[in-house]
Amino acid sequence: MAAVTAPDPVELAQRLIRCPSVTPTEGGALDVLEAVLGGLGFRCTRLTFTEPGTPDVANLHARIGTGAPHIAFAGHTDVVPPGDLAAWSVDPFGGSQVGNEVVGRGVVDMKGAVAAFAAAAGRYLDACGGQLPGSISFIVTGDEEGPSINGTRKLLQWMAERGEHPDMCIVGEPTGGRKAADTVKVGRRGSLTAALTVHGTQGHTAYPHHADNPVHRLVRALNRMINEPLDDGSAHFEPSALQVTTVDVGNPAHNVIPSRATATLNIRFNDRHTSEHVMGWLRARVHAETQAFELSPRISGESFLSPPGKLTDALSAAVHAVLGETPELGTGGGTSDARFIKDVCPVAELGLRNATAHRVDERATTDELRALTEIYHDALTRLIPAA
Ligand SMILES: [Zn+2]
């Protein structure tokens, strides 16, 4: 192994931000990362996955070493759109540093963490002087903020076909609350969106006995759902939460009982439920008010818990060593690609503060970027101890 030089996480984060990689556009971000990892001695493979009806997506797999333990860093270089450009105080794709903060789209979600991964791996490889007692890989997608069809899931399949089985995986999603890296995410709630249509019989509002008002039935069914909690939480999870996101009738007439009414619900459910169980729970509540309905689900992910163990111990110890405090083990927030990785190996998420993720003037301090790099590096030394 040739001598390597670890990249600077702040400078690399800025270079990544300058690549306008709004999903599904690669924007040059994987090129930058590939060049850096290639320079560190990683074998890099670019993989473009396709599926009819969805945009093609570029992904990157990189690995160094062949032995165990095999630790994977997983993340994404795609970002959400900047939104209202006039509201930004800097060019969202300029990679600006303002005072001690890097400001730009994706710095916390999650180009800063990807840069910290590469910097930590570089430092680790520098220190082991050609004797890597295990292996490190990168699983980086350009399709996390989008439909997540041509991204991590297919990258994991591709790896499995080649016998690439990480022993543990760290995902760099922004998990920090009060400060960067103060929370290690060990699981996620599931997410299910249900479209509900209730059918009735159209009629004159003056003669309701000749009609059957689907709006009343829909409202009563929704009332049953929002009045009764799904559960009261579990050991590692908050209570499941149901939100009605829209109710649509589209009836322009004040004197016509409509023939149908629809609503959409989003349910974030904990490890006490599967999506199938949630659908049964919903169906029973609608059924109590009407038999004339359709209920169709779109499942973004099942809930999961990666049980605390060697990986979470190492991450907790690394955070403690760098920040002087023990991180919380949490399961809050939205879905991430960890939901695919959990089927392959233990996975935990650890990253920057999420307060400005997806917002205007997304920002992280240079101290946070450097501390996260130290934490990932410290975790590597615990997970792949010197031979
Ligand atoms: Zn993300």
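In what follows, residues are counted from 1 in the order of the sequence shown. Atoms within a ligand are numbered from 1 in the order they appear, just like the ligands themselves. Hydrogens, waters and symmetry mates are skipped; everything else that's a heavy atom, side chains included, is used.
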Check whether any side-chain N or O of [X] sits under 3.5 Å from a backbone N or O of [Y] as a donor-acceptor pair, and report yes or no.
X	Y	result
Lys185	Thr175	no
Thr245	Asn266	no
Arg339	Ser336	yes
Asp248	Thr246	no

Going by the angle between their ring planes, with limits at 30° and 60°, are Phe42 and Phe138 parallel, tilted or perpendicular?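 Geometry flag for Phe138 against Phe42: perpendicular rings.
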With 2.8 Å as the limit, jot down which protein N, O or S atoms are around the Zn ion (ligand 1).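 Listed by chain and number: His76 NE2, Asp109 OD1, Glu173 OE1, Glu173 OE2.
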If we check salt bridge (Lys or Arg N to Asp or Glu O under 4.0 Å) with Lys179, which of these qualifies: Glu325, Glu368, Glu328?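 Checked Glu325, Glu368, Glu328 against Lys179; only one passes salt bridge (Lys or Arg N to Asp or Glu O under 4.0 Å): Glu325.
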